[in-house]
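Right, one structure below, let's go through it.
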Amino acid sequence: MSDETAATSSPEKRSLLQELEIDTRLLGMIGALVVLWIIFGFFTDWRFMSPRNLFNVSVQTASVAVMATGMVFVIVTRNIDLSVGSMLGFIGMTTAALQVQWLPDIVGLGHWSIWIIAVIFAILMGAVLGAFQGWVIGYLTVPAFIVTLGGFLIYRGAMWWVTQGQTQAPLDTTFRLLGGGAEGTLGETLSWVFGVVAAVSAVGIMLMSRRRKAAHGFHLKPAWAEGILMALAAGLILGYVWIMNSYPIPKGAMKRITASQGIEYTEDLVWYHGVALPVVILVVVTVVMTIIATRTRFGRYIYATGGNPEAAELSGINTRFLTVKIFALMGALTGIASIIASARLNAVDVGLGTLDELRVIAAAVIGGTALAGGIGTIYGAVIGALIMQTLQSGMASVGVDAPLQNIVVGFVLVFAVWVDIVYRRRTGN
Amino acid sequence: MTKQTPLVEMKDIRISFGGIRAVDGVSIDLHPGEVVGLLGHNGAGKSTLIKILSGAYKMDSGEIWINGEKAEINTPRDARSYNIETIYQTLALADNLDAPSNLFLGREILTPLGFVDDDTMEAETRKIMKRLNPNFKKISEPVSALSGGQRQSVAIARAVYFNAKILIMDEPTAALGVHETAMVAKLIGELKKQGLGIFLISHDTREMMELCDRVSVMKNGQLVGTEKVEDVTEDDILSMIILGKNPKAAA
């Protein structure tokens with residue numbers, strides 16, 4: 001107890017980072033990301049840092065990142081989900097068949113409602129499949145590893161049966177927008193609106209939390225530290241929007257878009273992409289999942305169960321039903337990821353989602369989720385997914401062969417977890 | 001002793017695990033403002049009996065009466081609804097969460113919008129800790145970072161905060177130092193004065209003689225006997241624990 005008083009009685013000795021109260025783990029991940037961008041930038045004459053490439057990387061990250069946020073909850077409760085890649089494929093194939101074969105017969109080809117039905121169907125299908133897996137894990141007490149390993153095989157097989165292995169294409173034109181691409185963005189004006197709203201909300205939330213803390217008389221960061229953080233958050237958001245708004249739509253796509261809108265196309269007419277819809281979806285998912293994790297009973301119980309399942313049960317938490325809910329949520333997010341992935345490719349073949357389960361788990365783990373349970377953050381998993389995608393896109397643009405890419409990603413995964421273990425040991429967390 | 005309704009009456013409680021009768025027809029009771037000690041060897045069935053009352057185990061047969069009314073206790077949540085609070089030997093804390101999250105686990109304070117109100121819970125935790133353990137400072141750190149005594153005070157705070165009427169303490173001082181043990185003893189005295197009924201489990205016979213009004217001794221799942229502490233000597237109790245016979249009944 002003497003060490004506590006010593007620690008609290010010398011507040012003036014806090015370093016800049018301590019004053020900012022930024023998680024050092026978060027800082028480490030962002031640092032790693034920046035280093036990777038600089039390395040890949042250097043070897044590609046800075047093409048890697050071009051708006052075009054950053055646009056593509058952010059779109060490619062979305063699908064895995066959406067699933068990674070759900071995987072955090074799964075891993076935090078000491079479970080694992082090996083089925084998400086296959087499930088993504090199964091949902092993608094079924095939803096594609098729905099758009100290509102079944103719905104046109106019922107409501108007519110190109111009907112406005114097709115994309116809405118497809119989206120709702122994909123999310124519900126994921127939630128139902130996930131809930132069933134969760135029920136087998138929670139109530140029949142079959143280990144998650146086995147249940148989802150079974151799911152991994154079952155969904156990949158079921159996917160084939162949906163269409164006898166036939167590739168489904170092209171998808172509904174509105175549905176396709178959800179995958180990004182030249183048309184699937186917010187456009188310049190809306191992107192700025194989105195960016196400003198996001199930046200203002202971020203700053204607003206920080207201000208509100210500060211006022212609440214002050215009302216309770218808790219320790220506050222110095223005003224300048226809070227100011228730096230607010231400027232950083234707003235700057236990052238608006239900076240990203242600015243970069244996306246600097247990526248011109250290529251001529252071919254411009255001709256297509258102007259023709260569809262009845263505008264005459266001239267060589268001088270230049271429009272910019274703006275923020276892609278998959279990225280908007282990812283932002284919304286990340287915000288919602290963060291609120292669930294930190295501000296709801298459901299989230300609190302997830303972390304409590306991960307930390308000490310017995311204590312959670314003795315506190316009156318229904319841990320079995322909690323498992324069902326977590327896996328249903330994981331399934332619903334897989335449904336969303338499946339929409340993004342299939343819409344981006346505008347086709348679904350039997351290989352869709354292959355190996356995605358490993359990318360998702362790797363993203364969550366690189367993002368600081370502990371397989372022992374109880375620890376993990378949503379933003380960490382999203383950054384983890386971004387690191388994975390940066391590595392892959394970066395190596396591809398530098399010209400590294402595909403087999404070597406996998407080798408590097410494998411080493412990075414093990415290395416990242418080792419660094420995390422050393423970090424935890426040092427900080428005693 | 002029969003003049004007022006007991007706070008708790010457990011009648012003819014039985015539970016078996018795979019053919020082993022862990023608790024075999026035990027009846028005990030507890031009055032307001034009374035401390036009843038449960039004694040016995042490891043495996044005598046004390047913790048099992050008490051876990052039936054706290055809702056962690058479901059009994060095979062028997063009856064539980066609270067305040068003269070028959071009670072249905074099947075889950076920890078049921079027990080809590082009867083104002084039964086338990087401090088488990090293992091403390092039952094989620095190590096990765098901070099003290100307020102543990103204190104309010106399963107009973108979070110919510111904002112009007114239905115979100116967990118961390119700030120209010122933190123403020124409440126500070127208040128109760130000021131009363132129980134003024135040295136407690138690490139409010140927002142995971143409880144894994146706390147010392148044994150501090151962890152114990154989180155577990156005790158959890159039981160006391162929610163206005164328990166019946167308190168179960170399973171080896172509350174086993175992991176504590178001399179100073180902290182004295183603190184727990186003082187707390188038990190205070191709670192007793194407030195009219196709580198307390199079941200206390202311990203191996204320390206001398207400590208039990210000091211803290212309890214009555215002691216019940218168990219052996220092999222059966223009740224050996226219940227005696228007022230002023231009527232028996234420490235040796236009497238020891239022989240009950242070891243031999244499984246009540247010397248007073250024999251005499």
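Note on naming: letters A, B, ... go to the chains in the order of the sequence lines (proteins, then strands), and numbering restarts at 1 for each one.
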Applying a strict 4.5 Å limit to non-hydrogen atoms, the region of A/Tyr301 in contact with chain B is side chain
Between A/Ser315 and the options B/Arg107, B/Arg80, B/Arg77, the side-chain contact (heavy atoms from CB on, under 4.5 Å) test singles out B/Arg80
Can you tell me if A/Trp418 has over 12 outside heavy atoms packed within less than 6.0 Å of its CH2? no
Okay, B/Arg158 and chain A: the region with an atom under 4.5 Å from a heavy atom over there is side chain
- Item | Residues, nucleotides or ligands: over 12 heavy atoms within 6.0 Å of B/Lys11 NZ | yes
For atom CD1 of B/Ile20, is the number of surrounding heavy atoms from other residues, nucleotides or ligands below 6.0 Å larger than 12?
no
Chain B shares the most heavy-atom pairs under 4.5 Å, among A/Ile317, A/Asn318, A/Thr294, A/Leu314, with A/Leu314
Assess whether atom CZ of A/Phe145 is packed by more than 12 heavy atoms of other residues, nucleotides or ligands within 6.0 Å.
-> no
The interface call for B/Asp78 against chain A, heavy-atom contacts under 4.5 Å, is neither
To the nearest 0.5 Å, atom CZ of A/Arg295 lies from atom CG of B/Leu113 at 12.0 Å
Scored by heavy-atom pairs under 4.5 Å with chain A, the best of B/Thr120, B/Thr75, B/Ile139, B/Thr90 is B/Thr120
TODO: Can you establish whether the number of heavy atoms outside B/Phe17 located under 6.0 Å from its atom CZ is more than 12?
DONE: yes
Whatever's closer than 4.5 Å to a heavy atom in chain B on A/Thr305 counts as neither
Does CZ belonging to B/Arg21 count more than 12 external heavy atoms closer than 6.0 Å? no
Looking only at heavy atoms, the pair that brings B/Ala94 and A/Asn308 closest together is CA-CB, 3.9 Å
If you tally heavy-atom pairs under 4.5 Å between each of A/Glu313, A/Lys213, A/Glu310, A/Arg300 and chain B, the highest tally belongs to A/Arg300
Under 4.5 Å to a heavy atom of chain A? For B/Leu105 that would be both
Residues A/Gly316 and B/Pro76: closest non-hydrogen pair is N-CB, 4.1 Å
Shortest non-hydrogen pair, A/Thr296 vs B/Val116, comes out as C-CG1, 3.8 Å
